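Here the structure is a predicted model, which is why all the values come from computation and not from measurement.
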Amino acid sequence: MLGRIADAEDVVQDAWLRWSAADRSEVREPRAFLVRITTRLAIDRLRQVQSRREAYVGPWLPEPLATDLGGEVPDTAEQAVLADSVSLAVLVVLESLSPLERAVFVLREAFGYPFADIAAMLERSEAAVRQLSGRARKHVEERKPRYDVDPAARRDITERFIAAATGGDMQGLMELLAPDVTLVGDSGGKSRAPLRELVTADKVGRFILGVAETSMERMDIRMEMREVNGAPALVTYDGDKIDNVLTVEILDGRIQRILIQRNPDKLAGVAR
């Protein structure tokens with residue numbers, strides 16, 4: 001709903017306080033009560049953070065979240081649904097929705113709530129909620145980038161990409177990058193990253209090689225593969241601190257987009 005872990009934790013805390021103060025004898029359906037409160041608090045928080053985004057330095061990306069769930073979600077079908085619903089690609093698109101559209105989309109598409117229930121939660125008519133849902137779904141479908149979701153294929157290409165970058169292999173990189181590949185780096189003005197999106201394989205490839213060469217000269221830099229937002233990701237550490245998280249979006253065996261999170265304020269969800 002929010003794309004920022006601290007905001008999500010604040011909303012959960014506020015919801016818990018309201019639940020604790022509620023007269024339980026008046027609550028017929030605890031789950032519905034909690035979802036309604038949490039949704040409304042999330043909408044209020046979304047409206048508040050919109051002004052923060054307007055003053056943000058450089059491109060904005062959602063916070064990466066480690067999803068190495070182990071045995072917590074044993075069903076592979078459930079894992080696939082979870083991975084798609086929290087993917088960075090989806091979260092980026094959700095940022096372009098209004099707070100109400102986003103709430104309706106998440107409740108309907110991710111959690112399968114009936115329109116009547118959503119209407120009651122938001123105190124809107126069912127017809128209005130259906131209209132919001134249709135508008136949000138169309139917007140997401142038009143803007144959501146297509147990419148291959150097979151985890152083995154994504155991991156294989158990600159590992160080949162890392163090997164080419166750290167090995168200074170420009171030709172190997174060019175074979176993996178789509179001609180119109182885009183690189184988006186989020187620093188929030190608190191670390192070094194491009195202030196605008198980089199486009200084309202040549203520009204992106206040269207940038208990646210430059211960064212990799214600088215990193216490899218440092219003895220305290222190490223890298224590891226993690227599952228982040230349901231997809232393989234390269235996590236780079238500077239000593240014991242996470243320096244950045246890099247994920248790639250792939251279609252037909254080529255990298256279409258590279259997302260790099262370098263804002264130190266947004267790396268807690270992977271560090272934990």
Side-chain angles (χ1 to χ4, degrees), residues 1-17 38 41-69 82-83 85-99 102-103 106 158 182-198 204 207-208 210-212 214-215 218 220-249 257-272:
M1 275 288 291
L2 294 166
R4 187 170 183 267
I5 293 164
D7 287 331
E9 290 178 338
D10 287 347
V11 163
V12 170
Q13 178 69 13
D14 288 346
W16 166 251
L17 291 173
T38 305
L41 289 170
I43 290 171
D44 290 343
R45 183 57 62 97
L46 281 172
R47 288 170 174 159
Q48 293 169 13
V49 300
Q50 282 179 336
S51 59
R52 280 196 317 222
R53 302 275 164 79
E54 293 172 0
Y56 200 78
V57 177
W60 185 94
L61 291 173
E63 290 188 28
L65 178 68
T67 49
D68 310 273
L69 297 173
L82 174 64
S85 65
V86 299
S87 72
L88 289 174
V90 169
L91 292 178
V92 168
V93 176
L94 291 185
E95 284 302 315
S96 59
L97 299 178
S98 72
R102 184 166 182 164
V106 170
T158 302
T182 302
L183 182 145
V184 184
D186 179 345
S187 70
K190 299 184 178 183
S191 58
R192 296 184 62 184
L195 292 177
R196 293 181 177 83
E197 293 185 4
L198 300 182
V204 171
F207 174 81
I208 290 294
V211 171
T214 301
S215 298
R218 304 257 317 267
D220 52 352
I221 291 290
R222 64 183 177 88
M223 305 175 184
E224 70 176 20
M225 292 290 291
R226 297 274 302 278
E227 181 185 302
V228 175
N229 292 82
L234 174 68
V235 180
T236 301
Y237 295 83
D238 183 353
D240 293 329
K241 186 175 72 172
I242 293 180
D243 179 77
N244 68 78
V245 175
L246 181 150
T247 59
V248 299
E249 295 172 4
R257 186 162 66 158
I258 301 170
L259 306 177
I260 305 176
Q261 183 56 261
R262 291 213 68 206
N263 185 339
D265 296 340
K266 293 186 175 184
L267 296 174
V270 177
R272 282 181 287 185

Tell me the closest heavy-atom pair linking [X] and [Y], and the distance in Å.
{"X": "Pro59", "Y": "Pro194", "result": "CD-O, 3.7 Å"}
{"X": "Met1", "Y": "Ala42", "result": "CE-CB, 3.5 Å"}
{"X": "Ala66", "Y": "Arg226", "result": "CB-NH2, 3.5 Å"}
{"X": "Ala15", "Y": "Thr38", "result": "CB-OG1, 3.7 Å"}

Rounded at 0.5 Å granularity, tell me how far [atom1] in [X] sits from [atom2] in [Y].
{"X": "Leu198", "Y": "Arg196", "atom1": "CG", "atom2": "CZ", "value": "11.0 Å"}
{"X": "Leu267", "Y": "Arg262", "atom1": "CG", "atom2": "CZ", "value": "9.0 Å"}
{"X": "Leu246", "Y": "Gln261", "atom1": "CG", "atom2": "CD", "value": "11.0 Å"}
{"X": "Leu2", "Y": "Glu9", "atom1": "CG", "atom2": "CD", "value": "11.0 Å"}
{"X": "Asp265", "Y": "Ser191", "atom1": "CG", "atom2": "OG", "value": "9.5 Å"}
{"X": "Leu183", "Y": "Ile260", "atom1": "CG", "atom2": "CD1", "value": "4.5 Å"}

Please examine the side chains of [Y] and [X], heavy atoms only from C-beta on, and report whether any two atoms are closer than 4.5 Å.
{"X": "Leu234", "Y": "Val245", "result": "no"}
{"X": "Arg45", "Y": "Arg4", "result": "no"}
{"X": "Thr247", "Y": "Pro64", "result": "no"}
{"X": "Val248", "Y": "Arg257", "result": "no"}
{"X": "Val228", "Y": "Thr67", "result": "no"}
{"X": "Ile221", "Y": "Thr236", "result": "yes"}
{"X": "Leu94", "Y": "Leu91", "result": "yes"}
{"X": "Arg47", "Y": "Asp44", "result": "yes"}

**Item:** Check: Thr182/Glu197 side-chain N/O donor and acceptor closer than 3.5 Å
**Value:** no
**Request:** Could you give me the CA-CA distance, side-chain angles and deciding distance for Leu61 and Val184, then say whether side-chain contact (heavy atoms from CB on, under 4.5 Å) is met?
**Result:** CA-CA 8 Å; Leu61 291 173; Val184 184; 3.9 Å; yes
**Asked** Given Asp186 and Lys266, is the side-chain contact (heavy atoms from CB on, under 4.5 Å) satisfied, shown in steps?
**Response** CA-CA 9 Å; Asp186 179 345; Lys266 293 186 175 184; 2.8 Å; yes
**Message:** Could you go through Val235 and Met223, starting from their C-alpha distance and side-chain angles, then the distance that decides it, and tell me whether this counts as side-chain contact (heavy atoms from CB on, under 4.5 Å)?
**Reply:** CA-CA 6 Å; Val235 180; Met223 305 175 184; over 6 Å; no
**Complete:** With Gln13 as partner, the option from Val11, Asp10, Leu17 fulfilling side chain to side chain contact (heavy atoms under 4.5 Å, CB included) is Leu17
**Chi angles and distances behind the side-chain contact (heavy atoms from CB on, under 4.5 Å) call for Leu65, Val270** = CA-CA 5 Å; Leu65 178 68; Val270 177; over 6 Å; no
